[in-house]
Structures are given as C-alpha cells and as structure tokens.
2 protein chains.
Amino acid sequence: MPRVMGERGDVVPLLAEVFRTYGFEGASLARITEGTRLGKGSIYNFFPGGKEEMAEAVLSEIDTWFRDQVFQPLRHAADAQQGVADMFTAVGRYFLSGRKVCLVGVFALGHERDRYAVKVQAYFAEWVQALAAALQRAGHDADGALALAEDVVGGIQGALVLARAADEPALFMRALARMQQRLVPPGTC
Amino acid sequence: MPRVMGERGDVVPLLAEVFRTYGFEGASLARITEGTRLGKGSIYNFFPGGKEEMAEAVLSEIDTWFRDQVFQPLRHAADAQQGVADMFTAVGRYFLSGRKVCLVGVFALGHERDRYAVKVQAYFAEWVQALAAALQRAGHDADGALALAEDVVGGIQGALVLARAADEPALFMRALARMQQRLVPPGTC
DNA sequence: GTCTATAAAGCGATAGAC
DNA sequence: GTCTATCGCTTTATAGAC
C-alpha cells in the first residue's frame, strides 16, 4: 500500500494551530478539516475519540516539546546561567516573537481547564520548578528562586496576553528582555 | 404594570460570569438562560443583538468599573504611591483573590479579539498608561515607568493564568504582593 | 486511508401567546 | 416582560463507497 500522505503525528501541529486560533469550543470540525486539509473521515480515522482526543494529542506534543527543549536544558545545563538564557531564546522562538499564543494558557483560563486539569497543571508546575532549580544553581536562595520563577513564567503568559491585545508582538519580546535582565545579576547590587 | 424583576443592567453581571466561565463560543444560550435564570424571550428582549450585544454590554461594564475604580484613582490620587497601593487592593478584590479570571484577557487570547479588538486594546492600553503615569509621579523616569507598568499589568494577567492552572488562588495574591514590593522603592537601593 | 452522505443533537434566533 | 414552540442552520459523529 503506497502510504499517500502523512501519519497521525503530522496532523497534530496543524490541529494545534486550529485550537490556538479558535479555542476548544470554537474549533469546529469544519475549521479542523479546513486547517488540516483532511476530510472528516480521515480525522476520525486518526482520532476515533473526536475533538477530545485531538486536544489531548496536541497537549501531549506541547508537553514533549517543552520538556525536551526547555525543561531538561534548564535542569541539566552545565552553566545554569546559560541555561536560563537559552530558555528565553527558545521561548521567544516558540511563540514566534509574540505572534503565537500559548494554548496551555488559553486552556487554563477557559472551561477546558477542568477536562485537562492534570496536563495544564503539570505544564506550568514543571516549568516553574525547572526554572527555579536553574536559578538556585545560579546562586539564588531557594525561596527567592521559586518566587522569581513564578514571576517569570507568569510574566511570559501575561506578556502574551498584552502583546495579542495590543496586536503588537514586539511588546512580548521587550518583556522577555526585561525579565532576562532582572535575572542575570544574582549577587550584584 | 408591576415591574416583576430586574432591568437590563441587573443581567449584565450574570452574563459576565457565564462568559468568564465558558468563553464566548462556549457560552451557549442554554448556559446563558441557566446563568441568568431568564428565558430566551427575556434575554432577547434586553439584547436584541443576541450574544454579540451581550458580550459588548459586559465589556462596557468592565471598562466602566475599571475606569472608575482603578484608572481614575491611579491618575488623580493626591498621593501617587498610595494610588498604586490602592490599585493592588482593588485588583485583588475584583479578581476574588485569584478565584476569578479576567474576561478581557480571555478575549484577548482567543478568536474574540478580532471582533472586540478596540475594547480589548483600549482596556489594557489605558491600564498601562494610567499606572505608568502614577509611577512617574512617584519618582520614576518616563521610560522606566512605562516598562514597569507593562510588567505589572502583564504580571497580573499571567498570575491569573498560573493561579487558575494550579487551581491555587493564593498564587495570585503572592504574585500581587511581590509586584507591589517591586514598585514601592522608587529611589531606594 | 480518504472521501461523501447522512443521522441525531444542539445551536442562535424568531414568533406569538399571555 | 416573560414564557413556550418552532424555524433553519450547524454541530459532532457515524456509515459505507471507493
């Protein structure tokens, strides 16, 4: 059989884009078929569980990406300071310099939180924890590192809100730069 | 005719709650009638324009509340420092100490942003501007005040995301306290 | 694996009785 | 001003041809 086109994994990024654009309830099957260029039959062949399974797959892929590209580097970078800097670079790229929104954040604010509580909770908890560990290795005390990590992860989410509200992606990058500046001096004053 | 029950204005807060809980697309008329305890007939009597007009009314009420309770005090408080402190108090109360989400933030992240672009944009722009003005009156230079204002307004939105993701309202109040601490020393170091 | 056709339910909105 | 009944459309999901 000549596998004509993509596997299930190829569809997930397209699905993510649809969910990001319209939210879970707004992502109708009409919009999904349009965004994936796949018929309903194909979609349900890949995701027999329907929209719920699609969102689950999207969240899993996001989780994997952040674990590989952000959380693990934060935890295991030889130079903790550099690991934090790399996080800002990766995050700026991931959110397309402020033009892309965080789906987990969207789900967290909406009614979707209840259904995907575990994954939504784990995503932010792991991010804060990994960043706090890096900051501690860079010289901060435990309490200060945790507080700073919460500020930064929250600040990133808030900057995405503001950037999209103002339709001004540059606002996000400016906020990222300021947060990074706020972290670099561990013992300086 | 014995006016049995509420006027249009009494319905708006109930509508706001429904939109906050389910988002615009998720706020079906079934959920709206349940949340307002009004039949479809009554709803459409108050809001002939349907859901769109309902959301417009909700956004307008939010805008009015923040202008009266937050933006104007920030701009005209005799003591700018105290005006900023009052903002944190008002915001903490408004969002029920982190148990309530910001509808404008939800709309900003979602597809609703396009339809309500002007109001969403204006809400955050006015907030940042009013806070920056207060910070400048409190001793910050213009650029620093604007940057700090963006950090704080964004930080509030982000803290709401994190608090709801973790289902831990206290996280929001802790973030508020840290942001306030970051602002009070204008000339101290 | 991909499509079209279709079923059953829910949607926003309207009409008309009271 | 509030209700119930109903319209037409869209929704999710399934069935079956190819």
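Order of the sequence lines sets the chain letters (A, B, ...), proteins ahead of strands, with each chain counted from 1. Values reported hereafter were calculated over all heavy atoms of this structure, with side chains retained and with hydrogens, waters and symmetry mates removed. These numbers come from a predicted model, not from an experiment.
- B:Gly41 comes within 4.0 angstrom of a nucleotide base, judged by non-hydrogen atoms across all strands.
- In this entry the distance linking CZ of A:Phe24 with C1' of D:dT11 reads 13 Å, nearest Å.
- Classification of the A:Phe124-A:Trp127 ring pair by plane angle, with boundaries at 30° and 60°, yields parallel.
- With A:Phe172 as the partner, the side chain to side chain contact (heavy atoms under 4.5 Å, CB included) test is satisfied by one option alone out of A:Ile156, A:Leu162, A:Val161: A:Ile156.
- When the C1' atom of D:dT10 is taken as reference, atom NZ of A:Lys40 falls 9 Å away, rounded to whole Å.
- With respect to B:Met54, the side chain to side chain contact (heavy atoms under 4.5 Å, CB included) criterion is satisfied by exactly one of B:Ile32, B:Leu59, B:Val12: B:Ile32.
- Within 4.0 Å (heavy atoms only), A:Gly39 reaches sugar-phosphate atoms of the nucleic acid but no base atom.
- Closest to the side chain of A:Tyr44, out of C:dA13, D:dA13, C:dG1, is D:dA13.
- Distance B:Glu25 CD to D:dT12 P: 10 Å, rounded to the nearest Å.
- If you measure from atom CD1 of A:Ile32 to atom P of C:dC3, you get 15 Å, rounded to the nearest angstrom.
- You'll find that the side chain of A:Phe46 is closest to C:dT2, out of C:dT2, D:dG1, D:dT12.
- In this structure, A:Lys51 places its NZ atom 13 Å from C1' of C:dG10, rounding to the nearest Å.
- A:Leu29 places its CG atom 19 Å from the P atom of C:dA8, with the value rounded to the nearest Å.
- Within the 4.0 Å cut-off from OP1 or OP2 of C:dC11, at least one side-chain nitrogen or oxygen of B:Ser28 is found.
- Counting all heavy atoms, side chain and backbone alike, A:Leu38 lies closest to A:Thr33 at O-CB, 3.1 Å.
- Across the protein-nucleic acid pair, B:Ile43 atom CD1 and C:dT14 atom P stand 14 Å apart, rounded to whole Å.
- Distance B:Asn45 CG to C:dC18 C1': 14 Å, rounded to the nearest Å.
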